[in-house]
Amino acid sequence: MPTNYQPPKVHQFDGQGNPRQYIAHFVETCSNTGMHGDLLVKRFVRSLKGNAFDWYIDLETASIDSWEQLEKEFLNRFYSTRRTVSMIELTCTKQRKDEPVVDYINRWRALSLDCKDRLLEIYVVEMCIQGMHWGLLYILQGIKS
């Protein structure tokens with residue numbers, strides 16, 4: 001490393017949270033300082049703690065020979081606990097009896113962000129509208145999205 005080099009400040013991963021998000025943040029932070037390839041491997045080890053560091057030290061000696069391999073092994077070990085929503089769940093999501101329409105739309109939108117399927121905006125809007133109370137649904141059906 002060059003003289004006066006300051007390593008990037010990276011939050012440590014302890015095995016909790018979203019590993020894909022952690023990898024993306026780690027790579028972005030390090031690439032801003034010109035770090036890539038083998039340097040990522042060396043820096044990544046320093047970003048682990050707790051269960052994640054235990055996983056790393058339990059790897060067989062010389063079993064990792066590239067950043068790509070380390071990333072793959074890491075993601076295989078630490079899978080995301082992020083909930084995924086199906087199209088069926090989105091379709092079945094309805095406005096609750098006394099729920100204001102704005103709250104329903106925000107709740108529905110939050111669910112849709114976790115949907116594993118990609119949808120065109122027009123279908124998303126239609127699906128959300130179909131879950132509204134019948135009075136509002138009746139009014140909105142006459143309006144083009």
Side-chain angles (χ1 to χ4, degrees), residues 5-60 62-145:
Y5 170 77
Q6 292 293 322
K9 294 195 186 299
V10 179
H11 294 286
Q12 289 188 303
F13 184 79
D14 63 359
Q16 304 294 313
N18 186 330
R20 288 191 184 283
Q21 188 178 46
Y22 182 77
I23 289 277
H25 179 72
F26 175 82
V27 169
E28 181 64 26
T29 301
C30 290
S31 67
N32 286 338
T33 63
M35 200 179 285
H36 58 288
D38 290 343
L39 293 176
L40 282 178
V41 175
K42 291 181 186 295
R43 184 69 194 144
F44 190 70
V45 173
R46 293 183 181 106
S47 78
L48 303 176
K49 68 180 182 179
N51 289 335
F53 187 73
D54 290 342
W55 162 80
Y56 178 79
I57 60 174
D58 288 341
L59 288 172
E60 291 184 33
S63 64
I64 303 294
D65 59 6
S66 68
W67 167 250
E68 290 76 18
Q69 185 179 14
L70 179 59
E71 181 180 9
K72 180 182 173 193
E73 293 296 326
F74 177 78
L75 292 174
N76 282 339
R77 174 62 178 94
F78 297 98
Y79 51 89
S80 179
T81 56
R82 183 177 163 188
R83 179 174 178 247
T84 57
V85 175
S86 69
M87 289 284 290
I88 293 170
E89 186 174 352
L90 274 181
T91 305
C92 293
T93 300
K94 306 292 182 201
Q95 184 178 1
R96 296 177 184 136
K97 184 177 180 184
D98 294 323
E99 183 177 31
V101 71
V102 171
D103 292 349
Y104 162 70
I105 291 170
N106 286 331
R107 181 171 58 86
W108 196 94
R109 183 174 176 269
L111 272 177
S112 74
L113 293 174
D114 288 331
C115 185
K116 59 187 175 210
D117 302 307
R118 301 265 182 220
L119 302 170
L120 293 175
E121 185 175 2
I122 191 156
Y123 298 127
V124 170
V125 171
E126 276 300 313
M127 211 182 298
C128 181
I129 289 172
Q130 291 301 316
M132 292 179 180
H133 292 163
W134 69 269
L136 189 53
L137 173 62
Y138 179 75
I139 293 167
L140 291 176
Q141 282 182 335
I143 300 172
K144 286 198 172 200
S145 302

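In this chain, numbering begins with 1 at the start of the sequence shown.
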Rounded to the nearest 0.5 Å, what's the gap from OH on Tyr123 to CE on Met87? Could you check?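 Rounded to the nearest 0.5 Å, the OH-CE separation comes out at 10.0 Å.
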How far does NE2 of His25 sit from CD of Glu28, to the nearest 0.5 angstrom?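 Interatomic distance, His25 NE2 to Glu28 CD, rounded to 0.5 Å: 9.0 Å.
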Do [X] and [Y] have side chains that approach each other closer than 4.5 Å (heavy atoms only, starting at C-beta)?
| X | Y | value |
| --- | --- | --- |
| Asp103 | Arg96 | no |
| Thr91 | Gln130 | no |
| Met132 | Ile105 | yes |
| His133 | Tyr104 | no |

Should the ring pair Tyr22 and Phe74 be called parallel, tilted or perpendicular, given that the plane angle runs from 0 to 90° and is split at 30 and 60?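 Correct class here is tilted.
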Full working for ring pair (Phe, Tyr, Trp, His ring centres under 6.0 Å) between Trp67 and Phe26: CA-CA 12 Å; Trp67 167 250; Phe26 175 82; 5.7 Å; yes
Looking at Ile88, I'd like to know if its CD1 atom is crowded, meaning that more than 12 non-hydrogen atoms belonging to other residues, nucleotides or ligands lie closer than 6.0 Å.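 No, CD1 of Ile88 has 12 or fewer neighbouring heavy atoms, counting only those of other groups under 6.0 Å.
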Counting only heavy atoms not in Lys72 (residues, nucleotides, ligands), do more than 12 fall under 6.0 Å from its NZ?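 Counting other residues, nucleotides and ligands, NZ of Lys72 stays at 12 neighbours or fewer.
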Can you tell me which residue among Tyr56, Phe53, Phe13 is in a ring pair (Phe, Tyr, Trp, His ring centres under 6.0 Å) with Phe78?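 So the option named by the test is Phe13.
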Test side chain to side chain contact (heavy atoms under 4.5 Å, CB included) applied to Val27 and Phe44, step by step: CA-CA 9 Å; Val27 169; Phe44 190 70; over 6 Å; no
Closer than 3.5 angstrom, by distance alone: can the side chain of Glu89 be matched with the main-chain N or O of Val85 as a donor-acceptor pair?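 Absent.
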